[in-house]
Amino acid sequence: MSQPRRRGYPHHHLHAQQVCPRRVALPAVAALLLLFLAVSLLSIAISAPPLTDRPGLGLGASSRRSLRRSSRHPPTSVQSARDDLWGSEFACNFYGCSNSSSKFPDSSVTTQPDRYLIIVTSGGLNQQRTGIVDAVVAARILNATLVVPILDHTSFWKDSSNFSEIFDIDWFISFLAKDVKIIKEPPEKGGKALRPYKMRVPRKCTPQCYLKRVLPALLKKHVIRMTKYDYRLSNKLDTDLQKLRCRVNYHALRFTDPIQELGKKLIQRMRQKSKYFIALHLRFERDMLAFSGCYYGGGEKERTELGAIRKRWKTLHTSNPDKGRRQGRCPLTPEEVGLMLRGLGYRSDVHIYAASGEIYGGEDTLAPLKVLFPNFHTKESLSSNDELTPFLTHSSRMAAIDFIVCDGSDAFVTNNNGNMAKILAGRRRYFGHKRTIRPNAKQLYPLFMNRENMSWDAFSSQMRTIQNGFMGDPMEVMPGRGEFHANPTACICEKTSQSPVVKSGSGSNQGSTNSTGLRKAIGEPTYPIYTDEEVDGSDTEDDSSGNGEMFDTEADDDSLVRQEDYELEEILSD
């Protein structure tokens, strides 16, 4: 395999180049007459979005009363076919720019002998992915050789897959060769693998933290093994290191051919059904709902079932379902997700690909969503038994298939802020700001509570207002805000009239400039941003408490933290 060049590789090889829309001028009178005729005919033909007579979970009865009582009309076909439902007209002005600067020397210059870093990931596929990305950067900070990361086999997800069974290992090593030296197996001496020194750093450890805590041990022991490696690197990095993160995440981590082939087949099958499709990550499983402490109208059975699961985590506070819902900390029900999408203007004939585990309440819970959007698909429904069987016993490979289809969708809808949602949001921003919808749950709560007292048109209008700023448009989040994997602003540049879509060469690190030569920043957010890292106060980027001190132990698991806390992280990780 020929060695890919780090500086100057194309960023658009996986995604078709977007073209900015052109406005078409029509004679004013003719256009108005056609619009009036279309609206009039469709207002007669189309009724309000139907809701199932099966209750499902939570608010089903009120939603049925709401839209049955008033016979309100949904958005007309003119409204529901808006181009902005599938992408922003400004998206084509931005592009991923992760090439390194001239101040970032090749690994052949920086890598020091007798320094080896082994990392053991934690959690599900996407939590492990964040660990792999940050491991490459940590190896660069330490000027060390990185051993191909070891994937977690013992967590809640219990997947026995190795790195090479999920990711293209040769591509990973060769693509990053000029950034970090990577080897497949631990170093040996006298035919035997060197025994590593095991240690851990606090979460969000800065480069200075690595140099202070890890480097002295690395110089003495030569081989360091870092366990439970997830979010162990600060978001506060210089631009070249941030861009290295993006090169790893968006280019070097490529799924194996069998996974890619099935994922692409599913995308093709969705495209055969309709021009556009939505991918939906519901995250409405038992464990997620139990952790949230929310109540969804399932009566004593729901309280008992979810309450029993919640007792496994003794560190959780007593839940207040009403307060959690008011604060926007409860996942939307499948029905509410459907109402949100219809309120935004998506028509009932849109095809939906659902990426999720076993939904709590099963078909009864999904029924209202399927009535709103009858064209409902999963990897199981789109694949033959022969196609899916090789992946069925491997949760990470199954998750990788969902990842590919969600990434290839025209609109991606996430119902929580887990790792898959964050990584896909960042990836879709990097590759042209493809439409990514996050429910503004805090403000949606009163709208859902009040919807039986308003017309469909009023409900839809308020829905579009509330979701403004949560649709994955450019300039939603300013640099430095939000979690970097979801908002990789250091790796997104804005085109100018003189700038091509792809910048080849080492100078792309400087970002974009406008006609005055000043770099244009991503706009300031108009809404509060809540991230998992802000909630997690266990470790800080400037940690001096000693929680991350080195310790030499044969146990890979962190004996200083309760096992229930790790199980909780793993369940919520994807």
Counterpart residues, salt bridge (Lys or Arg N to Asp or Glu O under 4.0 Å), relative to [X] (two or more places apart):
| X | result |
| --- | --- |
| R310 | none |
| E285 | R283 |
| R286 | E305 |

Between [X] (side chain only) and [Y] (backbone N and O only), is there a donor and an acceptor less than 3.5 Å apart?
| X | Y | value |
| --- | --- | --- |
| S88 | D84 | no |
| T206 | K204 | no |
| Q327 | K442 | no |
| N415 | L282 | yes |
| S460 | D457 | no |
| R429 | A486 | yes |
| S292 | L289 | yes |
| Q242 | T489 | no |
| R397 | H394 | no |
| E476 | M471 | yes |

So NZ of K273 and OH of Y353: to nearest 0.5 Å the spacing works out to 12.5 Å

Between the OH atom in Y295 and the CD atom in E302, the distance rounded to the nearest 0.5 Å is 6.0 Å

Residues pairing under disulfide (SG to SG under 2.5 Å) where one sits in residues 412-465, two or more places apart or in two chains, turn out to be none

So the disulfide (SG to SG under 2.5 Å) pairs with at least one residue in residues 292-361 (sequence neighbours excluded) are C294-C330

If you look at every heavy atom in [X] and [Y], which pair is closest and at what distance?
| X | Y | answer |
| --- | --- | --- |
| I259 | I404 | O-CD1, 3.6 Å |
| F284 | T333 | CE1-CA, 3.8 Å |
| P439 | L444 | CB-CD1, 4.0 Å |
| T121 | D152 | OG1-N, 3.1 Å |
| L85 | G345 | CD1-O, 3.5 Å |
| I401 | K379 | CG2-CD, 4.2 Å |

- prompt: Could you walk me through whether S161 and D159 pass the side chain to side chain donor-acceptor pair (under 3.5 Å) check?
  reply: CA-CA 6 Å; S161 301; D159 190 310; 2.6 Å; yes

Applying side chain to side chain contact (heavy atoms under 4.5 Å, CB included), name anything that partners [X], two or more places apart in sequence or on another chain.
| X | result |
| --- | --- |
| S381 | H377, T378 |
| Q272 | R269 |
| A411 | W86, I278, Y346, R435 |
| P446 | none |

| query | Passes side chain to side chain donor-acceptor pair (under 3.5 Å), N419 versus R129? Steps please. | reply | CA-CA 9 Å; N419 288 291; R129 190 183 186 112; over 6 Å; no

message: Check the orientation of F412 and H281. Use parallel for under 30°, tilted for 30 to 60°, and perpendicular for over 60°.
response: parallel

- Task: Specify whether F403 and F255 have parallel, tilted or perpendicular ring planes, treating 30° as the upper limit for parallel and 60° as the lower limit for perpendicular.
- Result: perpendicular

For C491, the disulfide (SG to SG under 2.5 Å) test, sequence neighbours excluded, returns C246

Residue set satisfying side-chain hydrogen bond (donor to acceptor under 3.5 Å, both in side chains) with T414, at least two apart, ordered chain then number -> none

Contacts of R271 meeting side-chain hydrogen bond (donor to acceptor under 3.5 Å, both in side chains) (sequence neighbours excluded), chain-then-number -> D410

- Is any side-chain N of the basic residue among D230 and K228 closer than 4.0 Å to the acidic one's carboxylate O? no

Salt bridge present between D407 and R427 (N-O < 4.0 angstrom): yes

Pair Y296, T365: side-chain N/O donor-acceptor within cut-off below 3.5 Å: no

Q. Any chance the side chains of S98 and R247 put a donor and an acceptor closer than 3.5 Å?
A. no

Test side chain to side chain donor-acceptor pair (under 3.5 Å) applied to H485 and Y231, step by step: CA-CA 10 Å; H485 292 283; Y231 295 103; 5.8 Å; no

Practice prompt. For the pair F373 and F376, evaluate side-chain contact (heavy atoms from CB on, under 4.5 Å) and give the outcome as yes or no after the intermediate values.
Written response: CA-CA 7 Å; F373 292 96; F376 188 87; 5.8 Å; no

Notebook entry, point to check: Would R347 count as a cation-pi partner of Y276, with NZ or CZ less than 6.0 Å from the six-membered ring centre and within 45° of the ring normal?
Noted result: no

